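The model shown is predicted, which means the values in this text are computed figures rather than measured ones.
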Amino acid sequence: MLDKTYDPAAVEAGRDDAWEADGRYQAAGNGEPYCIMMPPPNVTGSLHMGHALTFTVQDTLIRFERMRGRAVLWQPGTDHAGIATQMVVERELATEGETRQGLGREAFEERVWAWKDESGRTIVNQLRRLGASPDWSRERFTMDAGLSAAVRRAFVTLYREGLIYKDKRLVNWDCQLHTAISDLEVVSQETDGHLWHFAYPLEDGSGSIEVATTRPETMLGDTGVAVHPEDERYRYLVGKHVVLPLVGRRIPIVADEYSDPEKGTGAVKITPAHDFNDFEVGRRHALEAINILTSDGALNDSVPEPYRGLDRFEARKRVVADLDAAGVLVAVEPHRHVVPYGDRSQTPIEPFLTDQWFCDAHTLAQPAIAAVEDDRTRFVPKAWESTYFEWMRNIQPWCISRQLWWGHRIPAWYGPDGAIFVAETEEEAIEQARAHYGGERPLEQDPDVLDTWFSSALWPFSTLDWPEESQELERFYPTDVLVTGFDIIFFWVARMMMMGLHFMGEVPFREIYIHGLVRDEHGQKMSKSKGNIVDPLQLIDSYGADALRFAILASLAQGRDVKLGEARVQGYRNFVTKLWNAARFCELNECKPAAGFAPDAVETTLNRWIVGELGATREAVTEALEAYRFNEAAQAIYRFVWDRFCDWYLELAKPTLEAGGREAEETQATAAWVLDRVFHLLHPLMPFVTEALNEQLLDGQPNSLIAQPWPESVQAADRTAGAEVDWLITLITEIRAARAELRVPAGARLELWAAEPNDAVRARLATWRPALERLARIADIREGLPGTTDGTLQVVVDAVTYVLPLAGHVDLAEERARLDREIEKLQRDVAAIDKKLDNPQFVAKAPAAVVEEQRERRSAGTETLERLKAAMARIAS
RNA sequence: GGGCGCGUAGCUCAGCGGGAGAGCACUACGUUGACAUCGUAGGGGUCACUGGUUCGAUCCCAGUCGCGCCCACCA
């Protein structure tokens, strides 16, 4: 027996364990492979709503395809998340008064591994509560031995192909984390600052040239001043020199188109070592690049003595004060501008000249662009392709080295003379060195590690054992769909495309489904500082994983962010309760699956109708899931369960079930069958409750739903049954509405007189008499017109007038007013249709079917109108 | 500066060339009923604005206004 109330905790407990123990999460059977790569959450992570969204979507697809007979692999794992993890462990060390430097590299790495073993499983366990069904037996971590080998193979290969190289370039330097970061890890922030104007004196004493800057301290590294070649104001100065104040350096004035006459003073100071644009200008004019910063962001020994060792922001004040004192500070104006910040450290980023490893992303991007252009990989929704193209076509060299300790160590070794040996193992590097030097030389490995996203870029094949040639790699690559948010298209999707095509020769996935971000119910991004974080685990505790999953899916319209408040989840918990109670009703009425039940062979109208409705729902859900329209899938099944099955089918079936007999038996079997199909259709969306109900209710089933086949198509909707039930629903609804409007007491039973019934209507009324008695509170059904016109309620359905005598329950004037409103509305409708039909252009140019439809609507409308007028006439006097 | 998206009922949003929809909220009535985590009924909208295309526009196109996002940008 089902419990009287639905308790999500009881329903969900232990199910994940049971499914996994039965091996349900592993690819099974000989079906066509279907693979989704789980975007590996950071080991430092704990489940947030973004995870809940993306993993619900993935699990829904996985369960759907698993039921459809595909050999499904959902490949799970976690990411070592270089900077994030290192920061977490360093913070932990700090509470012990310890630092990573104090510990030393080796001990620190051990410490991180220990942390990972202890805390790294949090998110995995939380995923289980959501009902996620990946193949945990294949769980991977980006720093596993196998994946590390893949990283080294990829690095070495790209190096040998000239697609990875070491270069001294300006990089984004994080002065707090002491590492380079990629362009993507830099976030721009609008900041209120100042624009300082300085007059640099000309060497020949003939005057000065005014420059403006937001970073005065960089002037200590200036090696030129640039003006636009066509700027008349400065043309005569080109080729002359200025003497840099405070420093005394003689620097040239050059003509360069980078200089924008509209901006600042039109003359721009050039600091090649600390500005990306200036670096280019400097290169064009052979200006020296003087690095004036230390890795901490303090000034180094290249600047005059008084400034050495000052932090860059201290130095800024000092430089301004000194320039002011020297009389070269011309003006200071408030200035709003964007300042680059590190996305992890939240500190201002400095362009900094260092040796780093770069990946030639431009070359790798070309095949990745082509693959999307010719649809070998499709974005859903398609609009994201332009974002992808835009970025890929303007891609810059990717800085892949990081000055961190946690990550994949760069497989490069240096000889005493600086010669570089890149190899997959130290032994190979030693071998190379021996050949190179003709003898043993001490080698030192590059201290840096790789950008975390380098290993993530290999994920679609490194997890499938590449570079080993495994069966899984053969079978599941290319994968079917990647599910992810737009926020990591650049970080991850683009890079997987590049690496997948380069190493595997094929795209990593055939489709990329991009979903929105989760926001709170007001559309605000969830953030700790706003205090509007919704915790998915708390929602699961309160309402169940099924309700949370369904709420997410039902809210997930393509191309939109998902706004999700607690009320929404609560609403869908109510839906689960509704389903539970429907199942309970069926159980109480002994609706059990009948052996050999054939849905297309049911005889009674009601049962034929619900079978048809279920069939339509099955198609709608299937098509919606195939097209990643999760909200439509959710809506279709929701509508069916609540509006069709509960509100009408079960209500209309009650008299039949109570009466017993053959019809009741067919109805019991049909109800059980429908419920069973509903559990199947709902299972990918809400796995727990469907499994629980299936298990308890339909205990003839040998297998759990997770392994059951997806429902087959059933016969096309039975149109005669549909028409009849539609008629019945309309009649009952009309009577209920009229009664409510005229405030007929809810308990009052009225007679129903059918004014001019034909044989079909007469038969229908006989058939549905018990339903009408029950749902429309009808006392008796008669033909013709009742003797009294005093106090009647009249409705018209399908060209038949129904009169319900009220015996004093109602005010005649109110009934007149009600009929009047209906007549008016109908007249407006008919007039609108007439206007169309009277337009020869419409009749001539609109499709015949549309014209025909309008004609039908018009004739139905006028017929009803006539009868309503007749009804009015009967009570008018 | 470049690109993208969104303005539909009080709120959150579907729909997207031929009858304006849902959920929540609201109002009235209803509890021996599978379900009050419920039922029945109801109120509520010049589908942002202006033009255009069309026999016909909430839907397509152009523009305007408003909101949001991404990329670029430290003179």
Can you tell me which nucleotide in C55(B), C74(B), U40(B) comes closest to the side chain of Arg215(A)? C74(B)
Centroid-to-centroid, Trp384(A) to Phe379(A), below 6.0 Å? no
Within residues 272-279 of chain A, find the residues that approach RNA chain B with a heavy atom at under 4.0 Å, and present them sorted by residue number. Asn277(A)
So the stems of RNA chain B, runs of at least three Watson-Crick or G-U pairs (under 3.5 Å), are B:1-7 with B:65-71, B:10-13 with B:21-24, B:26-30 with B:38-42, B:48-52 with B:60-64
Considering only side-chain heavy atoms of Ala737(A), which listed nucleotide, G42(B), C55(B), A34(B), is closest? G42(B)
Of the residues in residues 851-859 of chain A, which ones touch RNA chain B at a heavy-atom distance under 4.0 Å? Gln854(A), Arg857(A)
Check whether any side-chain nitrogen or oxygen of Lys845(A) sits under 4.0 Å from OP1 or OP2 of G18(B), and answer yes or no. no
Presence of Lys836(A) side-chain N/O under 4.0 Å of G19(B) phosphate oxygens OP1/OP2: yes
U50(B) and U58(B): how far apart are their P atoms, nearest whole angstrom? 12 Å
Looking at G56(B), I'd like to know if its phosphate oxygens (OP1 or OP2) sit under 4.0 Å from a side-chain N or O belonging to Lys835(A). no
Can you identify which nucleotide, out of C71(B), U40(B), C55(B), has its nearest atom closest to the Gln841(A) side chain? C55(B)
For C71(B), does either OP1 or OP2 sit under 4.0 Å from a side-chain N or O belonging to Trp384(A)? no
Give a yes-or-no answer on whether the side chains of Tyr200(A) and Asp222(A) include a donor-acceptor pair shorter than 3.5 Å. yes
Given C29(B), A14(B), G39(B), identify the nucleotide with an atom nearest to the side chain of Asn631(A). A14(B)
For Lys654(A) and Thr656(A), test the side chains for any donor-to-acceptor distance below 3.5 angstrom and give the result as yes or no. no
Side-chain N or O of Asn574(A) versus OP1/OP2 of C38(B): is the shortest distance under 4.0 Å? yes
From C74(B), C4(B), G15(B), nucleotide with atom closest to Thr214(A) side chain: C74(B)
Integer angstrom distance from the P of C69(B) to that of G10(B): 25 Å
